[in-house]
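Residue numbering restarts at 1 for every chain, and letters A, B, ... go by the order of the sequence lines.
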Amino acid sequence: MLDPKLVRNNYKALEEALKARGMDVTLAKAFVAADEEWRKIQSEAEDLRSKQNKLSEEVAVRKREKQNADDLFAQLKQISARVKELQEKAKEAEEKVKSVAMVLPNIPHVSVPVGIDSRDNLEVRKWGEPKQFGFKPKTHDEIGVALGILNFEQGAKVSGARFVNLVGMGAKLERALINFMLDVHTKEHGYTEVMPPALVSGASMTGTGQLPKFEEELYKCKDDDLYLIPTAEVCVTNLHREEILPGDMLPIKYVAYTPCFRREAGSYGKDVKGLIRLHQFNKVEMVKFTEPENSYQELEALTNNAEAILKKLGLPYRVVALCTGDLGFGSAKTYDIEVWFPSEGRYREISSCSNFESFQARRAEIRFKKDASSKPEFVHTLNGSGLAIGRTFAAILENYQNEDGTVRVPDVLKPYLDNLDKITAN
RNA sequence: GGAGGAGUGGCCGAGCGGCUGAUGGCGCUGGUCUUGAAAACCAGUAUACCGUCUAACGGUAUCGGGGGUUCAAAUCCUCCCUCCUCCGCCA
């Protein structure tokens, strides 16, 4: 959610932001109109309420002095009815403002490149050289299925399309990646590990911006107002919902491993094979709560923390800054990290690191006080994958494949895999 | 799931229909005193929204949340949520 004051004082910025994102500006107009309407009704209601309070006090005084107040009662009865009416109208107006405000996207940071879609994203840096294979590199699902460590048929049997069963070394590699990433982030990057619920309330989903706009992306338990998380961003960011944090606690840095669940509505036909786009996948996620003046510095650090994993695994990657048209709904700035996939001869997203500034903090009411005596301010929230486990799994199979179909184990993972050198058929 | 009990400001804890945003204590901040500290004393100490020259200020709301009764609700009624105790079930 945006700061309503900022929108009132600087309406142009909102219009420009919507245009930059390729969205219609009628939304901005609707917001301003609703906001004005609400303020008008609200102040009218408050004035009348004020009058009512004053007369009520007089009643109290007379009652204490054992005097009659019947004349006041007659007046108050009328006022009371009108107050009720006005308050109802004000509430309706407020709800309208809120419902519009909730679907307004964040305003992109000035450093975000302007563009229409992913083709306009800006490559920021590259690391590692894609390996030259003396043979035609296979896709990760070909390799995994052949080794017997990935079983998509079983996934389909148990749950349906876009599910997988990991078998033997497959399950173990997945687990190794989770542990490896958590270890690096906790021991080397100073994050606190948490393991929050994966089933969250509608309030939490609203807090981080998944609701109300993206309900069709979510798995919902409709009897219980509970949703399966599409990312740990939701449960971890909401850990401090409706709190005022002491300034010296910041920055707070959490890392969490969780499964993630996405309906992938509207992605029919996309990445139907392999581990790239499943309904359920594992992810290690980093989340930060920072003071506003540090958040961009912290975004760089967060991105570097995610990159560190790829460096240690020896997987070539590049970092791109998303352009305005490709930016997520709540994000003010996002870096995608893309890892090299030899079978496709291109880089593909494996992590997304974003600064939401106060967008989520405002929705979720996450504030902090610089000092005990200072006024509460909204924190800035950031998050980034560090990394998506399934896609890392896939990248390892492809980048470390041998011509005979076996897969070399990256050195840093060996301690997690009984010092195994390579993965062979189950 | 069943039966009880409880939710008040940063914390503890009064109030149970009308000068109560809310007594008191603790904590915190500032001051007096002191060589310094402690103690003592004095003062201040919630959040949000709206209005105004983004100012001192004014208004409104908030006693777990919603709804209701009433001229008037922290106080009465009702539904919901959370926590605690006991029972049942369960990885």
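Taking the nucleotide of RNA chain B with the nearest heavy atom to each of A:Gln52 and A:Phe378, the more 5' of the two is matched to A:Phe378.
Residue-level contact check: A:Asn53 touches the backbone only, with heavy atoms under 4.0 Å from sugar-phosphate atoms and none from bases. Residue contacts for A:Lys63: at a heavy-atom cut-off of 4.0 Å it reaches a base atom on one of the strands shown. As judged by a 4.0 angstrom heavy-atom cut-off over every strand, A:Lys51 is placed among residues making no nucleic acid contact. When heavy atoms are screened at a 4.0 angstrom cut-off, A:Pro376 is found touching the sugar-phosphate backbone but no base atom. At a threshold of 4.0 angstrom between heavy atoms, the contacts of A:Arg8 are confined to the sugar-phosphate backbone, with no base atom among them. In this structure, A:Val59 reaches the bases: a heavy-atom distance under 4.0 Å links it to at least one base atom across the strands shown. Among the atoms of the strands shown, none is found under 4.0 Å from any heavy atom of A:Lys54.
Counting only N and O atoms by type, the side chains of A:Glu357 and A:Tyr296 include a donor and acceptor under 3.5 Å apart. Counted by atom type alone, A:Thr139 and A:Lys273 present zero donor-acceptor pairs between their side chains at under 3.5 Å. There is a side-chain donor-acceptor pair under 3.5 Å between A:Asn355 and A:Ser295.
Nucleotides B:A14 and B:A22, compared at atom C1', are 10 Å apart to the nearest Å. Look at the C1' atom in both B:A61 and B:A74: the space between them is 14 Å, to the nearest Å. Going from the C1' atom of B:G88 to that of B:G1 covers 7 Å, rounded to whole Å. Remark: the separation of the C1' atoms in B:A56 and B:G64 is 36 Å, to the nearest Å. Taking atom C1' in both B:G68 and B:G2, one finds a spacing of 29 Å when rounded to whole Å.
Using a 4.0 Å cut-off, no side-chain N or O of A:Lys84 falls inside it from OP1 or OP2 of B:G67. Between A:Arg367 and B:U47 there is no side-chain polar atom (N or O) within less than 4.0 angstrom of OP1 or OP2. A close approach under 4.0 Å does occur between a side-chain nitrogen or oxygen of A:Ser50 and OP1 or OP2 of B:U60. In this model, the phosphate group of B:C49 is not approached by any side-chain N or O of A:Arg39 to a distance below 4.0 Å at OP1 or OP2. Within the 4.0 Å cut-off from OP1 or OP2 of B:G66, not a single side-chain nitrogen or oxygen of A:Lys91 is found.
Here the side chain of A:Arg49 is nearest to one of B:U47, B:C71, B:U60, namely B:U60. Counting only heavy atoms from C-beta on, A:Ser80 has its side chain closest to B:C71 among B:C50, B:C71, B:U69.
Atom CG in A:Asn282 sits 7.5 Å away from atom SG in A:Cys260 (nearest 0.5 Å).
Partner assigned to B:G88 is none, using Watson-Crick or G-U wobble distances below 3.5 angstrom.
Applying side-chain contact (heavy atoms from CB on, under 4.5 Å) to A:His240 and the options A:Ile366, A:Thr381, A:Val287 leaves one that passes, A:Ile366.
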